[in-house]
Peer 1: 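Here you go, one structure.
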2 protein chains.
Amino acid sequence: MPKPQATDRIEIADRLHSAAIHLLRRLRRVDEATKLSAPKLSALSVLVFSGPKRLGELADAEQVRPATMSRLVKELESDGLLERSRHESDGRVVTLKATQPAVKLLKQGRGERVKLLASWMKELSREELKSLERAVDSIDRLGDS
Amino acid sequence: MPKPQATDRIEIADRLHSAAIHLLRRLRRVDEATKLSAPKLSALSVLVFSGPKRLGELADAEQVRPATMSRLVKELESDGLLERSRHESDGRVVTLKATQPAVKLLKQGRGERVKLLASWMKELSREELKSLERAVDSIDRLGDS
DNA sequence: TGCTATTATTTAGCTTTGCTAACTAAATGT
DNA sequence: ACATTTAGTTAGCAAAGCTAAATAATAGCA
């Protein structure tokens, strides 16, 4: 019984890479309906489910540069989905907080993209769903170190 | 022992969505080294591992519009990584074939992004790797129907 | 205290990769 | 022959990533 070799890992890595690309491309199609693109939904999701954050923290959490997050935040703000406020003691930091409409959108609607993805998952067998559930955490930790 | 509920699926879908976004963002950082972005590597990978394709087929496989694939192909061609040729009997179709340098790059080097991803996977336990291997196929089939 | 360095965010400008719409060229069918 | 369909390309736009440079506030230190 062979142990996992480097080539196995590379094979799996290759398929994971393609699968991630394909999955996000398929999900992109729902964007018009939601009005929220993947990066915006993902960032807003952090604010809704983990509470207020400063801009730099959110950029870190989302693996983008502060400059990129600044633009996303500006657009989410003008959509009324989050509020910027200045920190009381440190005037440099901007604190971001999801608004009620955003909480409603994400908590109740949970996002059109996520609902669509969840509906696709109905096709999976019980075992496939179990594997997927276990794998998701591994995937999200990949490259953390 | 409860069966998987809709809320479980939505929870997993939400985490899968975030995990896929985060994974691809982390991988993007290696692009400078490779000179091949995710969409190009993914498209080229199809040609190398599944053989020549017409442009429309490749666009379908990659879940993008022909117009988008046409541009990617043009750039890959000017990098010497694939060759366009006209179909013998049907003058409308363009057949795409990976060149030797491309085969070498992907088969031997297997792409910097994939190598990096594979190296991250060393941190996973045997069990996590197994779950991931099983899950990858499910992920890639999601939304196929 | 007062200068200097650091830190947080923003702005400007560029690149890549999606898209749609409109075009060309070739094949098909009536 | 002529209209329609099919395959691919081109043009032009938007979103989201980046870096570099600007701004503003804080912190450190002589």
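Each chain gets a letter, A, B and so on, in the order the sequences are listed, and its residues count up from 1.
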Peer 1: Given atom CG of B:L82 and atom P of D:dG8, what is their separation to the nearest angstrom?
Peer 2: 13 Å
Peer 1: For a salt bridge (Lys or Arg N to Asp or Glu O under 4.0 Å) check, start with the C-alpha distance between B:E75 and B:K40, then their side-chain angles and the critical distance, and finish with the verdict.
Peer 2: CA-CA 9 Å; B:E75 292 164 4; B:K40 285 177 188 169; 3.0 Å; yes
Peer 1: Treat primed atoms plus P, OP1 and OP2 as sugar-phosphate and everything else as base, then score nucleotides 12-18 of chain C 5' to 3': B for base contact with protein heavy atoms under 4.0 Å, S for sugar-phosphate contact only, - for none.
Peer 2: -----BB
Peer 1: Would you say A:L82 ends up clustered with A:V93 if hydrophobic residues are merged whenever their side chains have heavy atoms under 4.5 Å apart, either directly or through other cluster members?
Peer 2: no
Peer 1: Quick one: CG on B:L96 to CG on B:L76, what's the gap to the nearest 0.5 Å?
Peer 2: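 Taking CG in B:L96 and CG in B:L76, the distance rounds to 9.5 Å.
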Peer 1: Quickly work out the A:L55 CG to D:dA25 P distance and round it to whole Å.
Peer 2: 17 Å
Peer 1: Expressed as a whole number of angstroms, how long is the span from B:R54:CZ to D:dT9:P?
Peer 2: 13 Å
Peer 1: To the nearest 10 degrees, how far apart in direction are the end axes of the helix from C:dT1-D:dA30 to C:dT30-D:dA1, each fit to five base pairs?
Peer 2: 0°
Peer 1: Just the rounded figure in Å: distance from C1' of D:dC18 to CD of A:E62.
Peer 2: 17 Å
Peer 1: Quick one: what's the B/S/- string for nucleotides 25-30 of chain C, heavy-atom cutoff under 4.0 Å, read 5' to 3'?
Peer 2: -BS---
Peer 1: Quick one: A:K53 NZ to C:dA8 P, roughly how many Å, whole number?
Peer 2: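 The distance from NZ of A:K53 to P of C:dA8 comes to 16 Å, rounded to the nearest Å.
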Peer 1: Rounding to an integer number of Å, can you tell me how far A:L36 CG sits from D:dA15 C1'?
Peer 2: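 Value for this atom pair: 13 Å.
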Peer 1: With rounding to the nearest 0.5 Å, note down the distance linking CD1 in A:I21 to OG in B:S45.
Peer 2: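 These two atoms lie 9.0 Å from each other.
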Peer 1: Check every strand shown and say whether B:R86 touches a base, only sugar-phosphate, or nothing at a heavy-atom separation below 4.0 Å.
Peer 2: nothing
Peer 1: Verify the distance criterion only: is there a donor paired with an acceptor across the side chains of B:H87 and B:R92 at less than 3.5 Å?
Peer 2: no
Peer 1: Give, for atom CZ of A:F49 and atom OG of B:S18, the distance between the pair rounded to the nearest 0.5 Å.
Peer 2: 9.5 Å
Peer 1: I'd like to know if A:K97 pairs up with A:E83 as an ion pair, taking the criterion as any Lys NZ or Arg NE/NH1/NH2 lying under 4.0 Å from an Asp or Glu carboxylate oxygen.
Peer 2: no
Peer 1: Does the distance from a Lys or Arg side-chain N to an Asp or Glu carboxylate O, for A:R25 and B:E62, drop under 4.0 Å?
Peer 2: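 So A:R25 pairs with B:E62 through a salt bridge.
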Peer 1: Using side-chain heavy atoms (C-beta onward) and a distance below 4.5 Å, is B:M121 in contact with B:L132?
Peer 2: yes
Peer 1: Please report the closest heavy-atom contact between A:G91 and A:R86, naming both atoms and the distance.
Peer 2: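 Heavy atoms only, the tightest pair is O-NE, 3.3 Å.
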Peer 1: Please give me the minimum heavy-atom distance between B:L55 and B:P66, naming the atom from each residue.
Peer 2: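 Looking at all heavy atoms of both residues, the shortest contact is CD2-O, 3.8 Å.
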Peer 1: Just the rounded figure in Å: distance from P of C:dT9 to CG of A:D60.
Peer 2: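 Those two atoms, CG and P, are 10 Å apart.
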Peer 1: Between P on D:dT26 and NE2 on A:H87, what's the gap in Å once rounded to a whole number?
Peer 2: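 Those two atoms, NE2 and P, are 11 Å apart.
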